[in-house]
Number of protein chains: 2
Amino acid sequence: MSMPDRTPPTLRDVAITAKVSVGTASKVLSGASGVSAERARRVWDAARLIGYRRNEIAADLRRGRPTSIGLVLPDLTNQFFVDIARALENHALQHGYQLILAHANENPERETERIRFVMSRQVAGMIIIPCRGYQHAIAEARECNVPLVMADRVDDTFPANTVTTNSRSASTDGTAHLIALGHQRIAFLVNTLELVNSRERAEAYMDAMRDAHLARHIAVIECGMTAMQSHATTLKVLSGSTRPTALFTGCNVTTLGALRAIRDADLQIPLDVSLLSFDDAPWMSVLRPYLTSISQPVEAIGHAIWQLMLKLLNGEQDEFVHLRFKAELLVRESTTYVSAETAVTG
Amino acid sequence: MSMPDRTPPTLRDVAITAKVSVGTASKVLSGASGVSAERARRVWDAARLIGYRRNEIAADLRRGRPTSIGLVLPDLTNQFFVDIARALENHALQHGYQLILAHANENPERETERIRFVMSRQVAGMIIIPCRGYQHAIAEARECNVPLVMADRVDDTFPANTVTTNSRSASTDGTAHLIALGHQRIAFLVNTLELVNSRERAEAYMDAMRDAHLARHIAVIECGMTAMQSHATTLKVLSGSTRPTALFTGCNVTTLGALRAIRDADLQIPLDVSLLSFDDAPWMSVLRPYLTSISQPVEAIGHAIWQLMLKLLNGEQDEFVHLRFKAELLVRESTTYVSAETAVTG
DNA sequence: TTGAAAGCGCTAACAC
DNA sequence: GTGTTAGCGCTTTCAA
């Protein structure tokens, strides 16, 4: 007690202190059955006495079947991913699995590194929301020789199990909404077209524009992955000779940047410019006017990812499955009829 | 190739394929020296051929000195913590350490569980930002028999190494600022007084009020840990008979809730009510008016935590050290002179 | 029930 | 340089 060892106590130490074999001590401490109550108590007491801490890693190694699931996220700054992580955490814990979180910081190299790290820690399964680079993501998926679910930034042709939002239909709805309000010069601001889901959103926007004979007004603008970059790019868009009357942003980070630009350009929403945001975020609720946005069913997505992972873990699923969830257009205050004035002077 | 084994290849398989001993294979694959170029190549080739993946866990176990650092965060929703995590990640990776992230979700029991989990994975050190419960945090700190740094929600009497913001002086500055603008009915909205740093902020506010002979107007209101709870509580505060002319919120989550309430109550900032936020957040930059806030030096804090951890890891530090960082009051647009009208009718 | 013993995949002496 | 071997801390047969 007074003079603790340099090395932490092991199962062997517990066994010696409790005057039982390591095997018995192991059974007790690992929650297995087949030990008399009397000796079990002795083991627990001994463990407490010498301050024993189980080495789960050694246990996993010997057991050969890990109980952790790796989750690698592209951006902790994006509330959408954090919400998914929170949902997954709850499900995992509830099913006796531990989540090992890793953060790629929107950096493909870092992502590869993080995946390798998590995999090398012997996880039972992997859940990945990749960052930019479709081929890159495919290569990474191949690295994972455990049950794998890829989410959000993948499509239905991805060679892995996927859970995603139906970006296309939501984007179609959003564009139609703006067009119905009389907008013609609608710009689509996207983080990067290197992301499939962003590409899908942009394509659906373009299709909707074409269908409405507005092809000449199509403007898809890549803004970069950070709010800072979106800010700068949007500022340029807004200061062009023919300013768009409506902005359609492809994700919440882009929206944040666009809002800063609109603020800097001293423009009023929706008077000077309408704004439609793909993706909700908690802070949007304090904005005046309240943002019209496309809301993704985060809880449902998280739940689906977990259910799928569970099936995979139990070997009940051999073919790739691609799950799609419908996003909802919430019409609020930031989109309005285009004024004759705005349409002309813009 | 065509009929892969059920069990993944091990070092032994590589050695056999490369026609060398496991020892040699180990040296090559672990980056040690003392192997001829010729055989090294053979090992690499064999590894690639059979799709070998190193089991770092087994290596760590054998080596006895892990290279991961555990980081447990209370709330991934709070940008402040995420920013600290990002800073730490970069530093850790740069120094050859891997960060294992865990999320307590503002739940003390979950926190204990996460700490145990991370510890059981044999980390070399722990960095913890605890959730509510000072005694609880102390108990958890004791659980960690590896180098430990506690951050943010601790004070200088905490029995561990700590890195924190000087909440007291920042809160004093903030309150003084509001008083100087003529405010008297200043309410301090705090998540919970169970958090030391929140307590410090509240106390400094109270002291400043007393010093200005405004003791009768002191109002410290606990709002809970989520924006939703803060929203509800603030709404009550704003609908009271004598409405405060200024709100001082204790952290960015509380600020978010307060903003929602102000919106719901149809009040104008700063005309009807001034708002001062302890803690900045990216989304605050899109608000009109731009929020007056107290900004914490996240980068510096992250860097300090890491430097301290490094020292601890190298055994260069035996006494507890308590580092404090100065936060900065950024006066912007959400705080203004109290109007005679507001002061009376509030 | 219990204990002895054989490893899980890897590293690090240590001889050759 | 290279191979052999004894473990890291734990689980899990298998006899007793």
Side-chain angles (χ1 to χ4, degrees), chain A residues 5-43 46-47 50-68 116-117 119-124 145-146, chain B residues 5-44 46-47 50-68 117 119-124 145-146:
Chain A
D5 267 343
R6 199 66 241 124
T7 67
T10 74
L11 190 60
R12 201 170 145 276
D13 301 319
V14 177
I16 292 173
T17 311
K19 298 197 173 63
V20 299
S21 72
V22 270
T24 302
S26 168
K27 276 183 195 112
V28 174
L29 265 13
S30 67
S33 61
V35 177
S36 68
E38 143 69 3
R39 309 190 80 133
R41 238 190 18 75
R42 256 162 56 200
V43 170
I50 66 175
Y52 171 71
R53 340 274 318 255
R54 222 171 119 67
N55 183 339
E56 294 294 348
I57 272 183
D60 269 9
L61 175 60
R62 177 60 239 243
R63 208 185 291 117
R65 45 183 154 70
T67 59
S68 312
R116 295 231 172 98
F117 169 70
M119 287 288 302
S120 78
R121 311 298 290 185
Q122 307 304 108
V123 289
N145 41 13
V146 294
Chain B
D5 268 341
R6 199 66 243 122
T7 66
T10 73
L11 191 60
R12 202 171 145 274
D13 300 320
V14 177
I16 293 172
T17 310
K19 298 198 173 65
V20 299
S21 72
V22 270
T24 302
S26 169
K27 278 189 195 107
V28 174
L29 266 12
S30 67
S33 59
V35 177
S36 69
E38 143 69 0
R39 311 187 78 129
R41 237 188 19 74
R42 256 161 56 200
V43 170
W44 282 117
I50 66 177
Y52 170 72
R53 337 278 314 259
R54 223 172 119 66
N55 183 338
E56 293 294 348
I57 271 183
D60 267 9
L61 176 61
R62 177 59 238 242
R63 207 184 294 115
R65 45 184 156 71
T67 58
S68 314
F117 169 69
M119 287 288 303
S120 77
R121 311 299 290 185
Q122 308 303 110
V123 289
N145 41 14
V146 294

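Here the structure is a predicted model, which is why all the values come from computation and not from measurement. Each chain gets a letter, A, B and so on, in the order its sequence line appears, and its residues count up from 1.
Distance check, rounded to the nearest 0.5 Å: CD of A/E56 to CZ of A/R63 gives 6.5 Å. Rounded to the nearest 0.5 Å, atoms CG (A/D13) and CD1 (A/I50) are 5.0 Å apart. Interatomic distance, CE of B/M119 versus CZ of A/R53, reported as 4.5 Å (0.5 Å rounding). If you take CD1 on A/I57 and CZ on B/R121, they are separated by 5.0 Å, rounding to the nearest 0.5 Å. Taking CZ from B/R39 and OG from B/S21, the interatomic distance works out to 7.5 Å, rounded to the nearest 0.5 Å. Atom CG of B/L11 and atom OG of B/S30 lie 8.5 Å apart (nearest 0.5 Å).
On the nucleic acid side, DNA chain D contacts chain A at distances under 4.0 Å to non-hydrogen atoms, with the end points of that region at D/dG9 to D/dT12.
Atoms CG (B/D13) and P (C/dC8) sit 11 Å apart, rounded to a whole Å. Atoms CZ (A/R121) and P (C/dC8) sit 20 Å apart, rounded to a whole Å. Look at CD on B/E56: it is 15 Å from P on C/dG9, rounded to the nearest Å. A/R42 has its CZ atom 11 Å from the C1' atom of C/dT2, to the nearest Å.
Within the structure, a side-chain polar atom (N or O) of B/R65 is placed less than 4.0 Å from OP1 or OP2 of C/dA12. For the OP1/OP2 pair of C/dC10 and a distance below 4.0 Å, the side-chain nitrogens and oxygens of B/R63 include no atom meeting the criterion. Between C/dT1 and A/S36, no contact under 4.0 Å exists linking OP1 or OP2 to a side-chain N or O. For C/dT11, the OP1/OP2 oxygens have a side-chain nitrogen or oxygen of B/R54 closer than 4.0 Å.
Contact annotation for A/S26: base contact, defined as any heavy-atom pair under 4.0 Å involving a base atom. Counting any heavy atom pair closer than 4.0 Å across all strands shown, A/G64 reaches no nucleic acid atom.
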Worked verdict on A/L29 versus A/V14 for side-chain contact (heavy atoms from CB on, under 4.5 Å): CA-CA 10 Å; A/L29 265 13; A/V14 177; 4.2 Å; yes
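Nearest-nucleotide assignment on DNA chain D puts the 5′-proximal partner with B/K19, out of B/K19 and B/L61.
No donor-acceptor distance shorter than 3.5 angstrom exists from the side chain of A/T24 to the backbone of A/V20, with no hydrogens or angles considered.
Between B/D60 and B/R65 no salt bridge is recorded (no basic side-chain N to carboxylate O distance below 4.0 Å).
For B/A58, taking side-chain heavy atoms from C-beta onward, the closest of the listed nucleotides C/dT11, C/dG3, C/dC10 is C/dC10.
Rotation axes derived from the C1' atoms of the five outermost pairs at either end of the helix from C/dT1-D/dA16 to C/dC16-D/dG1 lie 40° apart, to the nearest 10°.
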